[in-house]
Engineer: 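Here you go, one structure.
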Amino acid sequence: MTGAEQKAPLEESRPSASDTFPRLLLQNAASLPGRDAMREKSYGIWRRWNWAEMCEQVHVLAYGLSRLGIARGDRVALIGDNRPRLYWSIAALQALGAVPVPLFPDAYSPELAARLTQVKARFAIVEGQEEVDNLVEAMADNPGLVGTLAGILYDRPRGMRRYTQPLLHALDDVMDQGAAAALEQPSWLTAEIAAGRAEDAAIILFTSGATGEPKPVLLSHDLLIQAGGALAAQDRLSAREEVLAYMPMAWYADHIPSYVQSHITGYCVSCPESGETVLADLREVGPTYFIAPSRLFEKIQRDAMARMADAGWFKRWLFVRFSRQAPPVGAPLAGAIPDAGTGGILGELLIRGPLRNALGLGRMRTVYTLGEALTQSAERFYRMIGIDIRRCYGVVEAGGFVAAQIDAAPSAEDLGPLLSGMEIKVAEDGELLIRGPAPFPAYDGSDNSDVEEWFASGDTGQLDGAGNLQFIGRTGEVGQLANGDPFSPGAPEARLKAVPEIGEAMVIGRGRAYCVALLCLEASAGRALAEAGTPKSGGGGEFAWFGQAYDLLHDRLSVLNEALAGDTTSAALQIRRFLVLPREFSVAAGEITRSRQLRRHVIEEKFAALIEALYADTAGSVAWGGEDGPELLEIRAVAEAG
């Protein structure tokens, strides 16, 4: 394939002494022994481990895992929330030459069984009773797993007293055995770590599955260290950073900052008490380096606006005054107090500083958002309080992040320049072909005969004159309307999801005469309408009330069409018709990925009758077979802006 090609300069490679994660851990334990490596909040109290203590715990665990029979090349699944001993298990397995495979903790039984079978996992290390129950259920439903899975290790013993299955092992007991083994053979693990090579498999992470079934990607130490190190170098990350580990461990967006870059730089990673306490723990930790989906930033903004609405009139007046003076996108923020035109020191003391501290953002120095760009209101809010949120682009097969905006990014439309060592070639059809700083990884369990030097990302994009990456959309989603106008659903979907009442949106139009949309109400908006509304006459079922959302959304889409009409590149993407689904798109149903990406092929197949009804000659209604009986869904037309 041919096309434009861009390459970022490759920095000097790491010395061989730190070319694997077990050797990086030894290096940090020697050079930063007293500096905090991990923290965990438990029952309201933060526990701490420095690098020397963490290294000792990892090595004891490695000895214990070896005593159970885990050896070089074995696949071991890890399931649970962000817990220190699960991260330590990754490190211990890598020290043995085994391959950790983090899985999503909310995986239902068939998915869990499929993933375990796919990677041929011999053991599983889990958080506690809930994960053990899920594995036992998966084994009961899939007898083939019984002969494959030799043991399940659990971290938290609460509720496990009456479990007597011989394959269950408490992690405390495993570590006790490891401590004894370490005394008997003190130099054995040193030899195992020395035998590890940079090109060895460090971990298996699954692709998102947005366009098909998720694939298990074998990632080497070399690729992860070079790719993670490139972003760390660009942002000048150091051992002084603070990071909150809150995203699923199975997602590369957690693995890179919470494990890879922590080992590279020596900074501290904090694990929240639970998923429900993330925002509260965020305020306590005060991270300096933070990566989050745009949805989380928008939730933080909504919470801040709700709190501001309850504040006194003077604070509200100050907030409105300074929000009108937010620095434009691209204006430098880091390390600078805004000048008098944006409120100067007064605005910093009265509004910006207190707001940042109240939201847990007071110490943030490097902040990235994943996925879609922030809404305009969220962008203005964060720039008003002095937080410069930058966008980045990554894929699992490239070892994580490929491109990232730099300070004072010149445009909100691009994703920044390529990171050091990353190469991109744009194929003739617009697909991005990527080559990372280390050889292309393999898909575990596949013959990989079709794996090429350049990885076909499945994304369409381009490189501008300055070398910044511009993302257009998934290659299978981008195309043309029936009249030849270009069609890319990303822009209108981002605008739709910026509407407060819309939780999810899918725009259809490729090969069609015009664009239509399937909408899901945002949960809180749906609850408010359900509490305030009255059921439709003749309607039935749990969602009989939701027809009242149509008038509200019709007005919102009319405004959206006006905005699209004013943009020459998006005028053809105005929404002509829409309907509201009586439920959200579901991960369990395979309609979206856990990173909230639409699985379009699944949705188009499952809701084919609704989509065809949206393109019928006249707008009307269509029956939808809900769990509580058929619902009559209205198809509403939206006038074009002209």
Side-chain angles (χ1 to χ4, degrees), residues 14 16-30 37-38 49 51 54-80 82-103 119-125 153 171 174-175 178 181-182 188-205 216-229 245 249-250 252 254-266 269 396 399-400 438 441-442 444:
R14 290 184 146 273
S16 60
S18 56
D19 59 357
T20 67
F21 290 105
R23 292 197 275 268
L24 278 173
L25 178 58
L26 285 170
Q27 177 180 293
N28 290 334
M38 291 208 82
W49 296 268
W51 279 103
M54 190 173 98
C55 184
E56 181 182 359
Q57 293 287 312
V58 167
H59 288 182
V60 166
L61 180 54
Y63 273 101
L65 295 178
S66 177
R67 279 287 176 96
L68 278 179
I70 296 175
R72 190 170 299 276
D74 285 343
R75 271 68 167 157
V76 180
L78 295 104
I79 310 170
N82 310 81
R83 299 294 170 219
R85 288 215 289 197
L86 291 185
Y87 287 109
W88 299 347
S89 296
I90 293 176
L93 291 167
Q94 291 172 341
L96 297 175
V99 185
V101 189
L103 299 177
V119 300
K120 298 180 175 60
R122 287 197 62 234
F123 286 84
I125 303 175
L153 290 63
L171 213 53
V174 172
M175 294 192 73
W188 174 82
L189 187 61
T190 303
E192 288 294 309
I193 293 173
R197 301 172 302 168
E199 61 268 26
D200 289 345
I203 199 165
I204 292 176
L205 298 176
V217 183
L218 276 166
L219 296 169
S220 68
H221 294 269
D222 191 21
L223 178 58
L224 287 169
I225 289 172
Q226 291 201 56
M249 292 178 63
Y252 80 89
D254 172 78
H255 188 66
I256 301 304
S258 300
Y259 188 85
V260 173
Q261 292 175 320
S262 172
H263 278 68
I264 292 171
T265 65
V269 175
V396 177
D444 189 49

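Since the model is a prediction, treat every value here as computed from it, not as a measurement. Hydrogens, waters and symmetry mates play no part in the numbers below; they use all other heavy atoms, side chains included.
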Engineer: Could you walk me through whether L224 and I256 pass the side chain to side chain contact (heavy atoms under 4.5 Å, CB included) test, one step at a time?
Structural biologist: CA-CA 8 Å; L224 287 169; I256 301 304; 4.1 Å; yes

Engineer: Apply side chain to side chain contact (heavy atoms under 4.5 Å, CB included) to R23 and H221, showing your working.
Structural biologist: CA-CA 11 Å; R23 292 197 275 268; H221 294 269; over 6 Å; no

Engineer: Ignoring hydrogens, what is the shortest heavy-atom contact between G399 and A227? Give both atom names and the distance.
Structural biologist: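 Minimum heavy-atom contact is O-CB, 3.7 Å.
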
Engineer: Any non-hydrogen side-chain atom of Y259 less than 4.5 Å from a side-chain atom of D254?
Structural biologist: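 With C-beta onward as the side chain, the pair stays apart.
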
Engineer: Kindly say whether P22 contributes a backbone atom to a donor-acceptor pair with the side chain of Q94 at under 3.5 angstrom?
Structural biologist: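 Absent.
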
Engineer: Please check: side-chain N/O of R75 versus main-chain N/O of G73, any donor-acceptor pairing under 3.5 Å?
Structural biologist: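 Side chain of R75 to backbone of G73: a pair is present.
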
Engineer: When rounded to the nearest 0.5 angstrom, what distance separates CE in M249 from NE2 in H255?
Structural biologist: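 Going from the CE atom of M249 to the NE2 atom of H255 covers 8.5 Å.
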
Engineer: Are there more than 12 heavy atoms of other residues, nucleotides or ligands under 6.0 Å from atom CD of E192?
Structural biologist: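 Enclosed.
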
Engineer: side-chain contact (heavy atoms from CB on, under 4.5 Å) with L78: which of I203, L153, L93?
Structural biologist: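 Running side-chain contact (heavy atoms from CB on, under 4.5 Å) over I203, L153, L93 with L78 returns exactly one hit, L93.
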
Engineer: Between CD1 of I70 and CZ of F123, what distance do you get to the nearest 0.5 Å?
Structural biologist: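 Result: 5.0 Å between the selected atoms.
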
Engineer: What heavy-atom pair brings A198 and S220 nearest, and what distance separates the two atoms?
Structural biologist: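 Shortest heavy-atom contact: O-CB, 3.8 Å.
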
Engineer: Kindly indicate, with the supporting measurements, whether the criterion side chain to side chain contact (heavy atoms under 4.5 Å, CB included) is fulfilled by L219 and V396.
Structural biologist: CA-CA 8 Å; L219 296 169; V396 177; 4.2 Å; yes

Engineer: Give the intermediate values and the outcome of ring pair (Phe, Tyr, Trp, His ring centres under 6.0 Å) for residues W51 and H263.
Structural biologist: CA-CA 10 Å; W51 279 103; H263 278 68; 5.7 Å; yes

Engineer: Compare all side-chain heavy atoms of N28 with those of T265 and state whether any distance is below 4.5 angstrom.
Structural biologist: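 Sidechains of T265 and N28: no contact.
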
Engineer: CH2 of W188 to NE2 of H59: how many Å apart, nearest 0.5 Å?
Structural biologist: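 It comes to 11.0 Å.
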
Engineer: Quick one: are M175 and V60 in side-chain contact, heavy atoms under 4.5 Å?
Structural biologist: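 With C-beta onward as the side chain, the pair touches.
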
Engineer: Is the shortest side-chain heavy-atom distance between D444 and K120 below 4.5 Å?
Structural biologist: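 They are not in contact (no side-chain heavy atoms under 4.5 Å apart), so the answer is no.
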
Engineer: Starting at CG of L68, measure out to CD1 of I125 and round the result to the nearest 0.5 Å.
Structural biologist: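 If I round to the nearest 0.5 Å, the distance is 9.0 Å.
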
Engineer: I'd like to know if the side chain of S66 reaches the main chain of A62, judged simply by a donor and an acceptor atom lying under 3.5 Å from each other, with no hydrogens or angles considered.
Structural biologist: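 No; judged by distance alone, with no hydrogens or angles, the pair does not exist.
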
Engineer: How long is the span from the CD1 atom in I193 to the CZ atom in F21, to the nearest 0.5 Å?
Structural biologist: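 Taking CD1 in I193 and CZ in F21, the distance rounds to 14.0 Å.
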
Engineer: Indicate yes or no: at least one non-hydrogen side-chain atom of D200 is less than 4.5 angstrom from one of T20.
Structural biologist: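 A side-chain contact is absent here, since even the closest heavy-atom pair is not under 4.5 Å.
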
Engineer: How long is the span from the CG atom in L103 to the CD1 atom in I204, to the nearest 0.5 Å?
Structural biologist: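 These two atoms lie 9.5 Å from each other.
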
Engineer: V269 and P257: which non-hydrogen atoms are nearest, and at how many Å?
Structural biologist: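 Nearest pair, atom of V269 first, then P257: CG2-O, 4.3 Å.
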
Engineer: In sequence, state the C-alpha distance, the side-chain angles, and the governing distance for T190 and L26, and then conclude on side chain to side chain contact (heavy atoms under 4.5 Å, CB included).
Structural biologist: CA-CA 10 Å; T190 303; L26 285 170; over 6 Å; no

Engineer: Looking at side-chain heavy atoms only, is the closest gap between L86 and I79 below 4.5 Å?
Structural biologist: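 In short, these two side chains do not touch, never coming nearer than 4.5 Å.
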
Engineer: Measure the shortest side-chain to side-chain distance between L24 and I264 over non-hydrogen atoms and say whether it is less than 4.5 angstrom.
Structural biologist: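 Touching, per the 4.5 Å side-chain cut-off.
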
Engineer: Grab the two heavy atoms, one from P102 and one from A250, that are nearest each other, plus how far apart they are.
Structural biologist: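 It is O-CB, 3.4 Å.
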
Engineer: Minimum heavy-atom separation for L25 to A91, with atom names?
Structural biologist: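 Of all heavy-atom pairs spanning L25 and A91, the closest is CD2-CB, 4.5 Å.
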
